[in-house]
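What follows is one structure encoded as structure tokens, with my remarks underneath.
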Amino acid sequence: MKTDIVVVGSGVAGLIFSLSIKDREVILITKKKLEDSDSYLAQGGICVKRDQNDREDFIEDTMKAGHYKNKRESVEVMVDESRSAIESLISYGVKFEEKDGELLYTKEGGHSKNRILYCGDHTGASIMEALIEEVKKRSNIRVIEECKMTDLIVSDNRCFGILVNKDSEEFEIRASYTILATGGVGGLYKHSTNYPHISGDGLAMALKYKIKLKDMNYVQIHPTAFYEKEAGRRFLISESVRGEGAELLNKEEERFVDELKPRDIVSKAMLKEMEKDNRDYEWINMKPIPLKIKERFPKIYGYLKEKGIDPNKNYVPVVPAQHYMMGGIEVDLNGLTSMDRLLAAGEVACTGVHGANRLASNSLLESVVFAKRAAKYINENYEEASDLETVEPVEDKKDYKLLLNKMIKNGG
Ligand SMILES: Cc1cc2nc3c(=O)[nH]c(=O)nc-3n(C[C@H](O)[C@H](O)[C@H](O)COP(=O)(O)OP(=O)(O)OC[C@H]3O[C@@H](n4cnc5c(N)ncnc54)[C@H](O)[C@@H]3O)c2cc1C
């Protein structure tokens with residue numbers, strides 16, 4: 001196949017990028033179904049700068065949570081373009097919670113004020129459903145589901161598309177530009193809130209072709225995944241549950257940490273307390289939440305009820321689990337990587353926004369802001385690759401996923 005632009009991944013980054021491309025043919029491939037992305041699983045919400053007075057506070061909260069390892073220039077871009085990112089989502093049909101025509105804002109750990117827009121406790125699903133509907137309307141976007149990128153087509157540090165596998169058949173999709181939007185690395189972990197099929201495929205490509213990576217030692221552990229004995233994806237008890245007043249309790253039913261500290265601090269406190277208590281979980285007590293739990297957190301409430309837990313009456317067992325990759329393929333403010341004609345956006349990319357630890361609800365925002373910028377760059381600078389059809393891909397069958405796994409487990 002041949003196209004102008006090939007997009008790998010149908011999370012929020014891949015979809016926003018595709019929707020923002022003008023007058024070009026796009027092929028968007030995705031490993032499973034369009035809906036099967038971590039973006040769809042997002043519960044809490046998406047940050048936005050409240051007003052100009054919030055600019056410095058939002059930047060400071062992001063930098064503080066990131067231990068000041070963030071790239072300030074990227075943080076400023078994200079904060080300054082946050083309103084327009086939200087306006088794009090609203091224009092695609094996303095309906096954030098409102099009261100009397102005014103948007104409602106919630107709070108999560110590390111935020112000095114309420115600046116998170118949300119849709120119940122299913123913000124990701126609401127955003128993704130609107131974007132998927134929009135993608136289906138676009139005649140210039142061809143979607144191929146159940147299609148896995150297995151390699152890049154590379155010559156002389158230039159990317160000419162990808163090799164894919166669909167229904168056990170291998171074929172090439174040649175393109176003047178390729179964008180990786182393959183998400184994080186959760187699938188490489190035993191306990192993760194991520195989908196197992198989201199397992200660092202884009203990063204493995206970067207290792208293979210020596211595309212510049214950054215901050216690969218910065219992996220976020222979320223403090224409150226629902227504790228279950230069985231292996232598999234861990235269900236998240238969103239941070240906004242603590243934002244609305246839930247408490248963490250130890251074996252003695254005593255609080256042991258400020259629940260609204262950034263995630264790395266709360267996770268460390270959880271692990272320490274679990275060791276002290278000699279058990280595999282601690283409790284989250286949702287009873288102090290002043291709102292009706294069933295109405296504010298319908299998905300979480302429903303899941304817990306299925307597991308035989310009524311959060312109005314019972315404590316909920318929670319455990320830290322891998323959640324997010326702050327590092328990734330190093331990109332500039334337009335999503336350009338160190339390889340010519342290859343871009344990256346979303347969790348697979350490292351814009352430097354998050355530093356050593358991501359502030360809650362900054363990930364969807366980062367994906368939208370920087371995917372839009374990447375598309376704008378292509379819209380303004382598109383040049384067809386002249387030797388697209390003749391380039392021969394490098395033959396290398398080494399398993400770079402194994403190498404990636406080792407690298408991450410060894411701390412980047
Ligand atoms: C449970 C949960 C809750 C979260 N809550 C929030 C929240 O409230 N707010 C917030 O800001 N962030 C939240 N996050 C983080 C956020 O959802 C993600 O970081 C973000 O959505 C990543 O988007 P993405 O487009 O980069 O990747 P993803 O949404 O992960 O999508 C990756 C895509 O790439 C595809 N793919 C991967 N490999 C291949 C391949 N080889 N070939 C073809 N396709 C491939 C996948 O199938 C998928 O479509 C949450 C994450 C989880 C897991």
Side-chain angles (χ1 to χ4, degrees), residues 6-18 28-48 78 85 106 108 116-128 131-132 143-152 162-166 173 179-187 192-205 220 222 224-226 233-241 243 263 299-300 321-326 328-329 344-349 353-354 358-368 370-371 401:
V6 63
V7 180
V8 189
S10 66
V12 69
L15 296 192
I16 286 286
F17 175 85
S18 305
L28 179 130
I29 72 147
T30 189
K31 214 172 182 178
K32 303 259 178 190
K33 296 284 179 204
L34 266 179
E35 293 79 6
D36 298 328
S37 68
D38 280 356
S39 300
Y40 207 92
L41 301 175
Q43 297 176 341
I46 178 165
C47 297
V48 66
M78 181 184 76
T106 186
E108 296 183 57
I116 299 168
L117 294 169
Y118 62 101
C119 314
D121 59 355
H122 44 80
T123 308
S126 297
I127 290 177
M128 293 303 290
L131 298 185
I132 288 171
V143 174
I144 312 180
E145 294 183 311
E146 313 276 359
C147 180
K148 180 183 171 186
M149 168 191 69
T150 54
D151 209 343
L152 299 178
I162 55 175
L163 213 63
V164 299
N165 188 306
K166 180 168 171 59
I173 304 177
I179 180 158
L180 297 175
T182 48
V185 294
S192 173
T193 60
N194 294 189
Y195 270 124
H197 71 278
I198 297 185
S199 53
D201 294 6
L203 298 174
M205 290 297 124
Q220 183 167 77
H222 197 291
T224 55
F226 180 62
R233 193 180 85 73
R234 295 282 162 249
F235 181 79
L236 189 72
I237 307 294
S238 167
E239 189 150 340
S240 49
V241 167
R263 287 178 181 167
K299 279 253 157 73
I300 295 172
Q322 190 281 340
H323 187 56
Y324 186 79
M325 178 76 191
M326 271 75 68
I329 299 177
E347 195 170 333
V348 69
V353 152
H354 307 299
R358 171 171 72 92
L359 181 68
S361 286
N362 259 352
S363 165
L364 291 172
L365 177 62
E366 180 204 26
S367 296
V368 177
F370 288 95
K401 278 297 263 298

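Computed from a predicted model, the values in this text were never measured in an experiment. Ligands are counted one by one from 1 in listed order, and the atoms in each one are counted from 1 as well.
Close to ligand 1: Ser361, with a non-hydrogen atom less than 4.0 angstrom away. Thr193 counts as a contact of ligand 1, since one of its heavy atoms falls under 4.0 Å from the ligand. Look at His222 and you'll find every heavy atom at least 4.0 Å from all atoms of ligand 1. Contact annotation: Asn194 has at least one heavy atom less than 4.0 Å from an atom of ligand 1.
In this structure, the side chain to side chain contact (heavy atoms under 4.5 Å, CB included) partners of Ala42, at least two apart in sequence or on a different chain, are Leu364. Every residue two or more places apart in sequence or in another chain that forms a side chain to side chain contact (heavy atoms under 4.5 Å, CB included) with Thr224 is listed here: His222, Ile237, Arg242, Leu248, Ile284, Val318.
In the candidate list Gly9, Cys47, Ala42, Ala42 is nearest to atom 13 (C) of ligand 1, counting heavy atoms.
Exactly one residue among His197, Lys32, Lys31 makes a side chain to side chain contact (heavy atoms under 4.5 Å, CB included) with Lys148. That residue is Lys31.
When non-hydrogen atoms are compared, ligand 1 lies under 4.0 Å from the side chain of Ile198 (C-beta onward) but not from its backbone. When heavy-atom distances to ligand 1 are checked against a 4.0 Å cut-off, His323 comes that close only through its side chain, counted from C-beta outward. With a heavy-atom cut-off of 4.0 Å, Ala181 touches ligand 1 through its backbone alone. The proximity of Leu365 to ligand 1, defined as any non-hydrogen pair under 4.0 Å, does not occur for either the backbone or the side chain. Residue contacts with ligand 1, taken as heavy atom pairs separated by less than 4.0 Å, involve Asp38 via backbone and side-chain atoms alike. When heavy-atom distances to ligand 1 are checked against a 4.0 Å cut-off, Ser199 has no atom that comes that close, whether in backbone or side chain.
Under the 3.5 Å distance criterion, the side-chain polar atoms of Ser192 are left unmatched by any main-chain donor or acceptor of Gly187. A donor-acceptor contact shorter than 3.5 Å is absent between the side chain of Asp201 and the backbone of Thr150. Looking at Asp121, its side chain does come within 3.5 Å of a backbone N or O of Ile300 through a donor-acceptor pair.
Separation of the His122 and Tyr40 ring centroids does not fall under the 6.0 Å cut-off.
If you check which protein heavy atom lies closest to atom 15 (C) of ligand 1, you get Ser363 OG, 3.7 Å.
At under 3.5 Å, a nitrogen or oxygen of Met149, whether backbone or side chain, sits near a nitrogen or oxygen of ligand 1.
Under 3.5 Å, the side chains of Glu108 and Ser361 contain a donor-acceptor pair of N or O atoms.
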